[in-house]
Amino acid sequence: MKDKAKELDKWRKRLIAVIFAYYKKNNQEVTIEFVKATACRGAGESYFNHIPKTKLQSLYYAFLNKNKAINYVEDLTSEIVNEQICLN
């Protein structure tokens, strides 16, 4: 049972970190309670520790993909802006 608890704890920490990163990329300062509430809403659970492993993983990868998309758009727009600066 301890291995299962450790595994869940690892996924909870990963999810918290990736949600914090998402809000940071959007220039929002949030609390741990807000991040946990975000995860609970996404999982449809009332308590953060009740979110099953599959949902933790699903939410983690969803937020990871959101963060990657934000990075891609930032890189793309920065390239376009740099091209425009060079042309002027």
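All of these numbers come straight from a predicted model, not from anything done at the bench. For the single chain, residues carry numbers from 1 onward in sequence order.
Leu64 is linked by a side chain to side chain contact (heavy atoms under 4.5 Å, CB included) to Val18, Tyr60, Tyr61, Lys68, counting only residues two or more places apart in sequence or in another chain. Taking Lys24 as the reference, nothing meets the salt bridge (charged side-chain N to carboxylate O under 4.0 Å, His left out) condition, with sequence neighbours excluded. Under the side-chain hydrogen bond (donor to acceptor under 3.5 Å, both in side chains) criterion, Asn26 pairs with no residue at all, not counting sequence neighbours. Residues passing the salt bridge (charged side-chain N to carboxylate O under 4.0 Å, His left out) test with Lys25: none are found, sequence neighbours excluded. With sequence neighbours left out, Lys66 forms a salt bridge (charged side-chain N to carboxylate O under 4.0 Å, His left out) with no residue at all. Remark: Glu45 engages Ala43, His50, Ile51, Pro52 in a side chain to side chain contact (heavy atoms under 4.5 Å, CB included) (not counting sequence neighbours).
Counted within 6.0 Å of CD on Gln28, heavy atoms from surrounding residues, nucleotides or ligands total more than 12; the atom is thus considered enclosed.
Distance alone, capped at 3.5 Å, places no donor-acceptor pair between the Ser58 side chain and the Thr54 backbone. Judged by distance alone, with hydrogens and angles left aside, the side-chain atoms of Arg12 form a donor-acceptor pair with the main-chain N or O of Asn49 at under 3.5 Å.
Between Tyr22 and Thr38 the shortest side-chain heavy-atom distance does not fall below 4.5 Å. The shortest distance between side-chain heavy atoms of Ile19 and Lys36 does not fall below 4.5 Å.
The CG atom of Leu59 sits 11.0 Å away from atom CH2 of Trp11, with the distance rounded to the nearest 0.5 Å. How far CZ of Phe20 is from CZ of Phe63: 12.0 Å, rounded to the nearest 0.5 Å. Put simply, CD on Gln57 and CG on Leu8 are 9.0 Å apart, with the number rounded to the nearest 0.5 Å.
Ion pairing between a basic and an acidic side chain is recognised when a charged N comes within 4.0 Å of a carboxylate O; Lys10 and Glu7 show such pairing.
Nearest approach of Phe48 to Ala39, heavy atoms of both residues: CE1-CB, 3.7 Å.
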